Amino acid sequence: MSEHLHTEVFTPPEIEIDTSGGATGQVRFSHSGKETLNSGKPLLEQAEEAGLKPEHGCRMGICFSCTKVKNTGCVRNALTGELSAEEDQEIQLCISVPVGDVDINC
Ligand code: FES
């Protein structure tokens, strides 16, 4: 009996981040009380730059371990371009880029 090894290769998605200086607004991490100017980077990076250590894994929108609740504000999904402006919505910090002021429960 022969055995076949089945392998799969996953390629990380291209995450397009516009850091050209067009970012505006204030990013507030309400659980920790930290606040920072929106740099246009994904919220996971902005949280880390603010000294926070949010739980995360893949950093590419696959594992959902970075999921937090966005209390208010609007974010853009860096993979799909989709905007989320609803209050109290779960978002993935690693692929969510703030569009203006946002308040994250982190
Ligand atoms: S770290 Fe895996 S989805 Fe964000």
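One-based numbering, in listed order, for ligands and for the atoms of each. Since this is a predicted model, take the numbers as computed values, not measurements. Index from 1, following the sequence.
At a heavy-atom cutoff of 4.0 Å, ligand 1 is contacted by the backbone of Arg59 but not by its side chain. Neither the backbone nor the side chain of Thr67 comes within contact range of ligand 1; no heavy atom lies under 4.0 Å.
With no hydrogens or angles considered, a side-chain donor-acceptor pair links Gln46 and Asn38 at under 3.5 Å. A donor atom on one side chain and an acceptor atom on the other are not found under 3.5 Å apart for Asp103 and Thr72.
If you number the atoms of ligand 1 from 1 as listed, the ones under 4.0 Å from a heavy atom of Cys94 come out as 1 (S), 3 (S), 4 (Fe). Taking every heavy atom of Cys58 and a limit of under 4.0 angstrom, the matching atoms of ligand 1 come to 1 (S), 2 (Fe), 3 (S). Residue Gly61 has at least one heavy-atom neighbour below 4.0 Å for each of these atoms of ligand 1: 3 (S). Listed by atom number, the atoms of ligand 1 under 4.0 Å from Gln92 heavy atoms are 3 (S). Each of the atoms 3 (S) of ligand 1 lies under 4.0 Å from some heavy atom of Ile62.
Distance alone, capped at 3.5 Å, places no donor-acceptor pair between the Gln92 side chain and the Thr67 backbone. His31 contributes no side-chain N or O that, together with a main-chain N or O of Phe29, makes up a donor-acceptor pair within less than 3.5 Å. The backbone N or O of Glu49 lies less than 3.5 Å from no partner atom in the side chain of Lys41, so there is not a single donor-acceptor pair.
Salt-bridge check for Glu45 with Arg59: failed, with every basic side-chain N at 4.0 Å or more from each acidic carboxylate O.
The nearest heavy-atom contact from the protein to atom 2 (Fe) of ligand 1 is Cys63 SG, 2.2 Å. The nearest protein atom to atom 4 (Fe) of ligand 1, hydrogens excluded, is given as Cys66 SG, 2.2 Å; this is a heavy-atom distance. The protein non-hydrogen atom at the shortest distance from atom 3 (S) of ligand 1 is Phe64 N, 3.1 Å.
How far CD1 of Ile91 is from OG of Ser96: 4.0 Å, rounded to the nearest 0.5 Å.
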